[in-house]
Participant: 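The structure that follows is given in the form of structure tokens.
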Amino acid sequence: MSKKEQVILEEPEVKKAEDVEKKAGTLEVFIMGKSYKVPAGLTIMKALEYAGYRYIRGCGCRAGFCGACSTIYRLEDEQKLGFDLACQKVVEDKMYLVQLPFVPAAKAEYDIEKIRPSESKILEYYPEIARCVSCNTCSKSCPQDIEVMKYIQRAIRGDIEKCAEISFDCIQCGLCAMRCPADIKHYHVSQLARRLRGKYIDTRSKNLSKRIKEIENRKYDSEIEKMIKMNKQEIKELYKNRKIEAEEGGS
Amino acid sequence: MKTIEGYPEYMMKSIKLVEKKREKNMAEPVKPMSLKDREKMLSKYHPDYMVGTKRKLRVGIDKDKLLYNGLVDLLEAKPVLDTKDVDLSKIDYEVDLLIIGGGGAGTVAALFAYESGVPLDKILIVTKLRHGDANSMMAQGGIQAADRPEDNPTLHYLDIYGGGHFTNKPELARALALDAPGIIKWHEDLGVMYDRHEDGEFQELSGGGTCRNRMHSCKDYSGMEIMRNIRDESRNLEIPVLEFCPVAELIMDDKGQVAGGVAFNLETFEYYVIRAKATILATGGSGRLHLSNYPTTNHYGATGDGLVMAYHAGANLLDLDTIQIHPTGDAYPEPLVGILSTEKIRGLGAIPINKNGDPFVFPLEPRDVESASFIKECKEGRGIVTPTGMPGVWLDTPMIEILHGEGTIESKLAGEVRKFKRFGIDMTKIPILVYPTLHYQNGGVEINEKTETKLPGLFGAGEVTGGVHGKNRLMGNSLLDFNVFGRRAGIYAAKYVKKAKIGKLTLSHLDKYNKMLEQAKIKPTKTAPIILPEYRGEMTISRALDIF
Ligand SMILES: Cc1cc2nc3c(=O)[nH]c(=O)nc-3n(C[C@H](O)[C@H](O)[C@H](O)COP(=O)(O)OP(=O)(O)OC[C@H]3O[C@@H](n4cnc5c(N)ncnc54)[C@H](O)[C@@H]3O)c2cc1C
Ligand code: SF4
Ligand code: SF4
Ligand code: FES
């Protein structure tokens, strides 16, 4: 598959970038040490593409949901390392950057049907959490601003509910796990906590079970069948005249 | 550029008007349109109805059907594989079930195929990027299921069918409505953390075009929470997954059955021959084709490959003369252009407002109608234009805090708040600017209730398929779709596998397709499927050498 044969798409994103260049000027970034001039105002991801890189790894949703694009950077003359998502973070002048293509961190295997949310359950599967030295490096590395250390400490104490709640926005990018001096795999730990909570701790819906019974008893079959058999005019009428809850100030 | 609260100075005048009229706008909402008015709005302002966005396909089983230009370009391109390059006598993977696409539909299918008796080592998920890099991971708003006493599957059916302008395949819409509560129960059993009231009942919101509040959510990470759970389950079971190995074309056998696929390792450039008794197509959508030049909400791998490879093999396509543009794509700031702001924002009570601070449309019309009304507002000069020339209308988010109390946005829309905060915009206090963005592929490869396509051995589920939503999908019905039909695909493919006998493998359908192109006097210069979009700077591409 040579590059030239492929369908070259119209590229609203890149074209826009060129417009931006005229308006906002350019700046210098160092992609894995190599200098490139890119328009100001682009995300790291779009800046790399502007410079000519074509992503295979390190790019998934392009919108801050999948954790594929973890990036480590440092500004020239700055002491501090930065951690962020390439698809979300805007480039800055004299930024040195590299992306993580992969995070080596195996998850524990379990049968969710067989385990129960006891206080020691998470420690059982991830004993290394007990080695946390409370340095808070994980929280400082998290592009989602999650209080990562806090959820680990909740897990150590067996507070599955809170661990699940605090960690909920985790996009599993792995930056925390790559930085932790205690080799903790935070995002796998919290995944277990959330599943345990969702399955065993949160109260279940009664309406749902009732409805499922009704469906099993084929309560709605004949009515839907009737609708399927209606002619277009009849069904359109029915649709048009249905009562809409939202208009009545429903929540 | 000088900005105030994250916006260029010149927009402040309009923002002040929005603020001034907020109370009045909340008290006097715009009423929903009649069916007639909706039609009028669509015919004038939706790209589906505009001239020049579509043309007739000249090749294959759907010859003479009208499709979006970008799709016709792909289907009239040369199949990307040269049959001479592939040696089918050496099989790299011999399985019962090949699943193409490791997103929502593919993963659900794998779980149910296993439950239905296909051994683990006889299942193979093959996916383009990482397992879970998919549109499914990105869904924010939620998933529909009629489980409240005030609601029922019949009403859900009516919404699906009416929302699709009565063009859906009724039996697919029925399956979607009736299977929905069972899917939510399955999620509960896996451990999905749904938003609930104290008593355990679900918090359910309304969505565009639905007559009852039936949107179940997991904060504004609904798709991520569902995808994380099913992926974790699949990892616990150790279902085999091949990542960064998109399938480029399907393999057939001498009896006309689909018998696997040729995968392409994006990192080593080698191909793998996968022989399978049944194949499930679960490649998702095509937002990255930027049809009609729209920006998109979709993930990087959404390039419509599944449509192309299935069409090459002889499957037929439905409803690709329509696209779903989502009314509330971000229009500002520039790095966010095209990215979605969830429909839940309107579900929670935010109202679209024009440049003059006035509301102009019922906030929860079906998506196509809502989008068209935004386009109209901007075309007629009542939109706000950004410094890069992007038009938009306000979505007055602070209304949510007035309606439901301070802190609601932060707790229910944490992802959205985070996104805008990066650019200095506090959406709890100031409106956001939105414009329609390419969101969803309404149609696709035709399936039936058993997820069978026209081709024996080929099943389909999720966004790649057509018929479920007809010419327009309602919010919350596609997370549901990939679960309902992913499950069915797993179950029915498992059944099929028990009896299937595969003959001699062949790629002759590609040679045949090339012949058809020739006969139609099409001289393709390009190839398809394209696997990944091309976003490199034009300068770099024009200077690239093919010497390495
Ligand atoms: C931003 C956003 C928000 C959304 N919000 C909602 C919502 O609130 N509610 C709702 O119901 N729906 C929503 N949707 C729609 C919904 O998420 C999708 O339609 C649905 O998840 C599609 O599932 P799928 O499994 O069919 O496709 P996907 O989840 O996209 O999975 C397809 C997979 O196939 C892979 N693939 C593609 N080509 C190939 C190939 N050639 N070979 C191998 N693998 C391939 C892809 O990489 C991907 O992993 C949203 C979509 C987006 C983009
Ligand atoms: S980085 Fe590791 S050791 Fe430090 S606080 Fe976080 S979990 Fe604990
Ligand atoms: S908790 Fe860890 S894996 Fe999750 S988003 Fe934060 S840094 Fe990434
Ligand atoms: S590409 Fe998915 S989070 Fe950045």
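A note on names: the letters A, B, ... follow the listed sequences, proteins ahead of strands, and every chain is numbered from 1.
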Participant: Measure A:Gln88 against the heavy atoms of chain B and call it side chain, backbone, both or neither at under 4.5 Å.
Facilitator: both
Participant: If I measure from the heavy atoms of chain B, does A:Tyr55 come under 4.5 Å with its side chain, its backbone, both, or neither?
Facilitator: both
Participant: For B:Leu190, which atoms come within 4.5 Å of any heavy atom of chain A: side chain, backbone, both, or neither?
Facilitator: both
Participant: May I ask you to check whether over 12 heavy atoms, not counting those of B:Arg543, lie within 6.0 Å of atom CZ?
Facilitator: no
Participant: With only heavy atoms counted, which part of B:Arg418 is less than 4.5 Å from chain A, the side chain, the backbone, both or neither?
Facilitator: side chain
Participant: Pick from A:Ile215, A:Ile228, A:Asp169, A:Asp111: which one has the most heavy-atom pairs with chain B under 4.5 Å?
Facilitator: A:Asp169
Participant: Heavy-atom distance under 4.5 Å to chain B: side chain of A:Leu238, backbone, both or neither?
Facilitator: both
Participant: Are A:Cys170 and A:Arg194 close enough that some pair of their side-chain heavy atoms sits under 4.5 Å apart?
Facilitator: yes
Participant: May I ask you to name which of B:Met227, B:Arg422, B:Glu267 has the most heavy-atom pairs under 4.5 Å with chain A?
Facilitator: B:Arg422
Participant: Answer with side chain, backbone, both or neither: which region of B:Asp82 has an atom nearer than 4.5 Å to a non-hydrogen atom of chain A?
Facilitator: neither
Participant: Strictly below 4.0 Å, N to O, side chains only: are A:Arg62 and A:Glu49 in salt-bridge contact?
Facilitator: yes
Participant: Is it true that a side-chain atom of A:Ser70 and a backbone atom of A:Cys173 form a donor plus acceptor pair closer than 3.5 Å?
Facilitator: yes
Participant: Do you know which of A:Lys236, A:Lys240, A:Lys210 has the most heavy-atom pairs under 4.5 Å to chain B?
Facilitator: A:Lys236
Participant: Could you check which of B:Arg196, B:Lys185, B:His187 has the highest count of heavy-atom pairs closer than 4.5 Å to chain A?
Facilitator: B:Arg196
Participant: Any idea how A:His188 and A:Tyr126 line up, ring-wise: parallel (<30°), tilted (30 to 60°), or perpendicular (>60°)?
Facilitator: parallel
Participant: Where on B:Asp199 is there a heavy atom nearer than 4.5 Å to chain A: the side chain, the backbone, both, or neither?
Facilitator: backbone
Participant: Would you say A:Arg154's side chain and A:Ile166's backbone share a donor-acceptor pair under 3.5 angstrom?
Facilitator: no
Participant: Chain A: which of B:Leu336, B:Thr297, B:Asn152 shares the most heavy-atom pairs with it under 4.5 Å?
Facilitator: B:Asn152
Participant: Output the option from A:Glu214, A:Met45, A:Lys226, A:Met227 having the highest count of non-hydrogen pairs under 4.5 Å with chain B.
Facilitator: A:Met227
Participant: Checking A:Glu216 against chain B: side chain, backbone, both or neither under 4.5 Å from a heavy atom?
Facilitator: neither
Participant: Does any backbone or side-chain atom of A:Ile171 lie under 4.5 Å from a heavy atom of chain B? Answer side chain, backbone, both or neither.
Facilitator: both
Participant: Select one option (side chain, backbone, both, neither) describing which atoms of B:Arg235 are under 4.5 Å from chain A's heavy atoms.
Facilitator: both
Participant: Let me know if B:Glu243 has heavy atoms under 4.5 Å from chain A in its side chain, its backbone, both or neither.
Facilitator: neither
Participant: Contact part of B:Ser34 toward chain A, heavy-atom cut-off under 4.5 Å: side chain, backbone, both or neither?
Facilitator: neither
Participant: Which atoms of B:Leu158 come close to chain A, meaning under 4.5 Å heavy atom to heavy atom: side chain ones, backbone ones, both, or neither?
Facilitator: both
Participant: In terms of heavy-atom proximity below 4.5 Å to chain A, should B:Phe269 be classed as side chain, backbone, both, or neither?
Facilitator: neither
Participant: Could you tell me whether A:Lys229 and A:Glu225 make a salt bridge, using a distance below 4.0 angstrom between a side-chain N and a carboxylate O?
Facilitator: yes
Participant: Heavy atoms only: give me the nearest A:Arg197-A:Ala164 pair and the separation to one decimal.
Facilitator: CD-CB, 3.8 Å
Participant: Side chain of B:Glu201, backbone of A:Lys206: donor and acceptor closer than 3.5 Å?
Facilitator: yes
Participant: Chain A: which of B:Ala146, B:Pro524, B:Pro29 shares the most heavy-atom pairs with it under 4.5 Å?
Facilitator: B:Ala146
Participant: Among the options A:Ile56, A:Ile112, A:Thr43, pick out the one with the most heavy-atom pairs lying under 4.5 Å from chain B.
Facilitator: A:Ile56
Participant: Count the heavy-atom pairs under 4.5 Å between each of B:Leu129, B:Val192, B:Asp133, B:Asp232 and chain A, then report the option with the highest count.
Facilitator: B:Asp232
Participant: So what's closer than 4.5 Å to chain B heavy atoms on A:Arg242: side chain, backbone, both or neither?
Facilitator: side chain
Participant: What residue in A:Leu208, A:Asp145, A:Ile212, A:Leu48 has the most heavy-atom pairs under 4.5 Å with chain B?
Facilitator: A:Leu208
Participant: One thing to verify: whether B:Arg228 and B:Glu225 come together as a salt bridge, which I'm taking to mean a side-chain N less than 4.0 angstrom from a carboxylate O.
Facilitator: yes
Participant: Answer yes or no: is there a side-chain heavy-atom contact under 4.5 Å between A:Pro143 and A:Phe83?
Facilitator: no
Participant: At a heavy-atom separation under 4.5 Å, does B:Asp179 approach chain A through its side chain, its backbone, both, or neither?
Facilitator: neither
Participant: Backbone N or O of B:Gly191 within a donor-acceptor pair of the A:Arg195 side chain at under 3.5 Å?
Facilitator: no
Participant: Tell me whether the count of non-hydrogen atoms from other residues, nucleotides or ligands lying under 6.0 Å of CD in B:Gln203 goes above 12.
Facilitator: yes
Participant: What residue in A:Ser209, A:Cys59, A:Ala63, A:Ala51 has the most heavy-atom pairs under 4.5 Å with chain B?
Facilitator: A:Cys59
Participant: Taking the side chain as everything from C-beta on, heavy atoms only, tell me whether B:Leu348 gets closer than 4.5 Å to B:Leu205.
Facilitator: yes
Participant: Name the option with the most non-hydrogen atom pairs under 4.5 Å to chain A; the candidates are B:Pro170, B:Pro335, B:Pro153.
Facilitator: B:Pro153
Participant: Between A:Tyr50 and A:Lys37, is there a side-chain heavy-atom distance shorter than 4.5 Å?
Facilitator: no
Participant: Is it the backbone or the side chain of B:Phe166 that comes under 4.5 Å from a heavy atom of chain A, or both, or neither?
Facilitator: both
Participant: Give a yes or no on whether the backbone of B:Gly182 and the side-chain of A:Arg211 come within a donor-acceptor separation of less than 3.5 Å.
Facilitator: no
Participant: Examine whether an atom of B:Met224 lies under 4.5 Å from a heavy atom of chain A, and if so say whether it belongs to the side chain, the backbone or both; otherwise answer neither.
Facilitator: side chain
Participant: Any Lys/Arg nitrogen of B:Arg536 or B:Glu534 sitting under 4.0 Å from an Asp/Glu carboxylate oxygen of the other?
Facilitator: yes
Participant: Using the benzene-type ring in the case of Trp, are the ring centres of A:Phe102 and B:Phe244 under 6.0 Å apart?
Facilitator: no
Participant: If I measure from the heavy atoms of chain A, does B:Arg214 come under 4.5 Å with its side chain, its backbone, both, or neither?
Facilitator: neither
Participant: Is B:Leu35 in contact with chain A via its backbone, its side chain, both, or neither, using a 4.5 Å heavy-atom distance?
Facilitator: side chain
